[in-house]
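Since the structure comes first, as structure tokens, the remarks are kept for the end.
Every number for a ligand or one of its atoms is a count from 1 in the order of the listing.
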Amino acid sequence: MGFDQVTKEYGDVRAVDGLTLTLHPGETVALLGPNGAGKSTTLDLLLGLKHADSGTVRVFGTGPREAIVAGRVGAMLQSGGLMEEVTVAELFKLACALHPRPYPVSEVLARAGITQIADRKIGRLSGGQAQRVRFALATAGDSDLIVLDEPTTGMDVSARQAFWATMREQADQGRTVLFATHYLEEADAIADRVLVLHRGRLLADGTAAEIKAKAGARRISFDLPEGPIDEAPLRALPFLTTFDVSGRTVRLQSSDADATVHALYGLGVYPRNLEVAGLGLEQAFVAITAAEEARTS
Ligand SMILES: Nc1ncnc2c1ncn2[C@@H]1O[C@H](COP(=O)(O)OP(=O)(O)OP(=O)(O)O)[C@@H](O)[C@H]1O
């Protein structure tokens, strides 16, 4: 299941550019990318909501639409229109009746934590409750692929935790979960595999640890000893990619931390509380996309 050399253009904007990608059963995959990178378009192509200009999208060996009709795909879109005038219970009676392999309505509502609001009209729900309803729609039946576009936007902490626990269960049962997000800490904590899109191209594909390693850079921080601070030689240290001084604390990133620390001692500066650490996923993401921007502009 996945994409083979898929391209999608809107006028002169190439939203997806030669994307080739295979998704496997039971994996939880995070799709990351800056605004406009092509994440929603990629998910729409997988759901058959948009058609590729070239290349092929296959879902369980068929086209996306056939897979959806067969009930093999559940989806939660960013702002899918919900029927405002029906109650939550009425919506799920309909959704479960339409699904080829439905779960009982009570089970779907309980899993999404919306049993208590079953009699409320959809139009009266808060943003976070509506988001829970969208999530419940994605799991109304026994689908093999669950596609989620920025699923936890607007959810409170307990809703997020419940949501991810459910998604983990779904993946443990062999389903593939693909989600686009801007919450990198969620991707780091949840995903087995992280994809980084940039201008419709796949920049990185691996575990969160592999993506962090790919960024190459490390964080270095230390405190300067008492006395006047001369920033110029510090800023000139080799391999720096970022530099910041706040009070007596210096924080920087280096593409070769060993060489930077060696040069630091060479300055005759005696750093206190020296720490060298790998990048978090967020910093790695920023480093990878910034390097690509610099390369292509
Ligand atoms: N219907 C459309 N008509 C014209 N351009 C579009 C259309 N949909 C998307 N685009 C453009 O295609 C590019 C990719 O958009 P897309 O929504 O897929 O990105 P995204 O990664 O999901 O962004 P975000 O993180 O902001 O949601 C953007 O430049 C966007 O402006």
Exercise for the section: Please confirm whether Ala37 comes within less than 3.5 Å of ligand 1 when only nitrogen or oxygen atoms on both sides are compared. Expected result: yes

Completion exercise
All heavy atoms of Ala95 vs all of Leu137, minimum pair found to be CB-CD2, 3.6 Å

Exercise for the section: Check whether more than 12 heavy atoms from other residues, nucleotides or ligands sit under 6.0 Å from atom NE2 of His262, and answer yes or no. Expected result: no

Completion exercise
Quick note on ligand 1: atoms under 4.0 Å from a heavy atom of Glu150 include exactly 25 (O), 27 (O)

Handout entry: Contact check: Ala15 vs ligand 1, nitrogen or oxygen atoms, below 3.5 angstrom
Key = no

Exercise for the section: Please indicate whether any nitrogen or oxygen in Lys50 is less than 3.5 Å from any nitrogen or oxygen in ligand 1. Expected result: no

Problem - Element-labelled atoms of ligand 1 that are located less than 4.0 Å from some non-hydrogen atom of His182 - result: 25 (O)

Practice task
Kindly indicate whether atom 30 (C) of ligand 1 is approached by any protein heavy atom to under 4.0 angstrom.
Solution key: no

Practice task
Could you find the nearest protein heavy atom to atom 13 (C) of ligand 1 and give me its residue, atom name and distance?
Solution key: Gly36 O, 3.7 Å

Problem - Minimum-distance protein heavy atom relative to atom 16 (P) of ligand 1 - result: Thr41 OG1, 3.7 Å

Fill in the blank from the handout: Taking every heavy atom of Leu109 against every heavy atom of Val88, the minimum-distance pair comes out as CD2-CG1, 3.9 Å

Problem - Gln173 atom CD, over 12 foreign heavy atoms within 6.0 Å - result: yes

Fill in the blank from the handout: If you scan protein heavy atoms around atom 1 (N) of ligand 1, the nearest is Tyr10 CE2, 3.8 Å

Handout entry: Minimum-distance protein heavy atom relative to atom 20 (P) of ligand 1
Key = Lys39 N, 3.5 Å

Handout entry: Arg201 with Glu292: basic N within carboxylate O range, under 4.0 Å
Key = no

Exercise for the section: May I ask you to list the atoms of ligand 1 that are less than 4.0 angstrom from any heavy atom of Asn35? Expected result: 23 (O), 24 (P), 25 (O), 26 (O)

Practice task
Run the numbers on His99 and Ser143 for side chain to side chain donor-acceptor pair (under 3.5 Å), then give the verdict.
Solution key: CA-CA 9 Å; His99 200 288; Ser143 305; 3.3 Å; yes

Problem - Greater than 12 external heavy atoms within 6.0 Å of Arg111's CZ - result: yes

Fill in the blank from the handout: In this structure, atom 17 (O) of ligand 1 is nearest to the protein heavy atom Ser40 CB, 3.7 Å

Handout entry: Contact check: Gly38 vs ligand 1, nitrogen or oxygen atoms, below 3.5 angstrom
Key = yes

Handout entry: CA sep, side-chain torsions, deciding dist, call: Gln129, Arg132, side chain to side chain donor-acceptor pair (under 3.5 Å)
Key = CA-CA 5 Å; Gln129 288 168 337; Arg132 286 181 188 232; over 6 Å; no

Completion exercise
Honestly, for Pro34 the part within reach of ligand 1 (heavy atoms, under 4.0 Å) is backbone

